[in-house]
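Heavy-atom basis, side chains included; hydrogens, waters and symmetry copies ignored. Residue numbers begin at 1 in each chain, while the letters A, B, ... track the order of the sequences.
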2 protein chains.
Amino acid sequence: MRSYAQFCPIARALDVIGERWALLIVRELLIHPARFTDLRRGLPGIASNLLTERLRTLEEAVIVERTELPPPAASAVYQLTERGFALRHVLREVARWGAPLLDERPNDDAVDSHWLVRFATMAFRDVPTAELGPLSASIRVGPSAISLFVAANGVSISAQPAANPNVVITADAEHAVALLTGAISPANARAQAAARFDGPGGAVAQLDALLARIGAPPTPNPS
Amino acid sequence: MRSYAQFCPIARALDVIGERWALLIVRELLIHPARFTDLRRGLPGIASNLLTERLRTLEEAVIVERTELPPPAASAVYQLTERGFALRHVLREVARWGAPLLDERPNDDAVDSHWLVRFATMAFRDVPTAELGPLSASIRVGPSAISLFVAANGVSISAQPAANPNVVITADAEHAVALLTGAISPANARAQAAARFDGPGGAVAQLDALLARIGAPPTPNPS
DNA sequence: CTGCATCCGCTTCGATACTG
DNA sequence: CAGTATCGAAGCGGATGCAG
C-alpha cells in the first residue's frame, strides 16, 4: 500500500493495517491460528493471490507469524504476534461502532452465526467460571443464534442451537456486541429494554455474573 | 468501496470507513469542523477529486455533515455527525496501536507537530481545569514539540515552543500518546522511565492532576 | 487437498489541469 | 476557494494452472 507519508500515529498505523482485507485477516486470526485455506473460508470473496500478498505484508509488519507444522501435518499455520494480538482493541472499537449498522441494513448479506461465535469466543476466552454453571444459554440476534455452555472449566461456544437452554438472551446486534465486549452491563441492557434475558432468575443471575467478568465499560475519556 | 458482503459488525464498519483516506478525514474533523481546503492541508497528498468523493461517501453514511455557511462567508463547512464523532474511540485505539511505529521508523516522513497538537486538543477538550494553573508546559517527542497553557477556563495548545515552560515533558511517541489518551498515568510513565517531567514539584503535580482527568485506563477486557 | 503464481478485465487511485 | 474533468498507474477480483 502506498504510504500516507505523515508523521502521525494514526497515519502510520493505517499504512500497515489500512489495506483492504488486512483487518479482516486479523479478525480471523484473533480466534485462533489458521491455515491458508481456513482463512479463505472465513473471508469469502478474497482472491487467493491477495491473501498471499496480505499475509506477506502482515508478516513483514510483524503482525502475523508463519509457522511450519512438523511433518505429520505438512502444512503452515498463520498466527498473530503480540503486536497483531494488540489489534484486538482496535477491532473491539470497530465492532462496537459497526454493530448498529447491522441493525439498520439487516438483510442483504449472507447470514451466518459465525460473527457471533467470534465475539463470544473472544469475550469468554479468559473469563474465570469457577463457581458458575453448569448452565446453557442461547444468544439470539435477528437471524443469528449461538449457544453457550458454561462449566467450571470455562465457557464453550457453539453455532448450533442448544436443545433446552436455561437462558435465552435476545438483543439487537448493537447491544449484543456491547454485552460481549463489556461496553454495557446486563442490568443496564435490560433497563434500556435493549436485551431480554428469558429464564429462571437463578440462571439469569449466573449469566449476569459471567458477563460482568468480561471487562470494564469502555474508557470514558474524550480522546 | 466494494462491500465485503459479510454479516459482521467489523466487516460492515469497514465497508464504510475502510476506504483509503476515510479515517484520516475523520481524524481531521475530530479537531473541529473544516472547509474543503482546510482538509486538503491536513491531508497532504490527497487528490482533490478523491477528497470530494470521500466526503460524499461519508455524507451518505451519515458520518459527515455538510453545512453551508450564511452569506458573509459564502462557503461550506464539513463537520462530524454524532456517528462520526463516535469514531474517536476507534481512532484512539488505532493511535495507541500505531504510536510505537513512530518510534521505530522515526524519520522519513515530513515532520511537523500537528499530530501532537491534535492529540492534545482531543485530550484536553472537555477536561475541567478549575483550581489548576496558570502554568505552561511543553511536550517533546523526538523532533516534535508543542506547548500547553493551563488556565482556569481550560487548556490551550500551541504548536509553537513556549518561552519558559514551567514543565517540560519528554517522552517517545508511544508513551506520549498513551499519556494523552489516558492509557497510562503520569506516575506510571515516570516509574517506567517512559517519560520525564522536568520542572518544580508543584507544577509537575498540577500537570499530573490535569493528565489524570483525561480518562480511565483502557478497558482491560479481552475481546 | 494446500499454498501459492500468473494472467486478465475492471475499478480505484493519484497527479495535473481546468472552471465557476 | 471549492470543487470537476481527464487519464495513466496501481490495486483488486476471478479464473486458471500447478507443484508438493
For the residue pair [Y] / [X], report whether a side-chain donor-acceptor contact shorter than 3.5 Å exists.
X	Y	value
A:Thr170	A:Arg140	no
A:Gln79	A:Thr67	yes
B:Thr181	B:Arg96	yes

*Which listed nucleotide (C:dT2, D:dA2, C:dC4) is nearest to the side chain of A:Thr37?*
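Closest nucleotide among those given: C:dT2.
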*asked:* Measuring from the side chain of B:Thr52 (C-beta onward, heavy atoms only), which nucleotide among D:dG3, D:dA2, C:dC4 has the closest atom?
replied: D:dG3
Could you tell me whether the phosphate oxygens of [N], OP1 or OP2, come under 4.0 Å of any side-chain nitrogen or oxygen in [X]?
X	N	value
B:Tyr78	D:dG3	yes
A:Arg35	C:dC4	no
A:Arg56	C:dA5	yes

_B:Arg118/B:Glu28 ion pair, N-O < 4.0 Å_ =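 A salt bridge is present here (some side-chain N lies under 4.0 Å from a carboxylate O).
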*Would you call A:Glu53 and A:Arg56 a salt bridge, using N to O less than 4.0 angstrom?*
no
Value in whole Å for how far the [atom2] atom of [N] lies from [atom1] of [X]:
X	N	atom1	atom2	result
A:Leu55	C:dT2	CG	C1'	13 Å
B:Phe36	D:dA2	CZ	C1'	6 Å
B:Leu43	C:dG14	CG	C1'	14 Å
A:Leu51	C:dT2	CG	C1'	12 Å

*Heavy-atom protein contacts under 4.0 Å, nucleotides 11-20 of chain D, coded B base, S sugar-phosphate only, - none*: -SBB------
_B:Arg88 charged N/C atom sitting above B:Phe85 aromatic ring, 6.0 Å / 45°_ =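 Ring-cation test returns yes.
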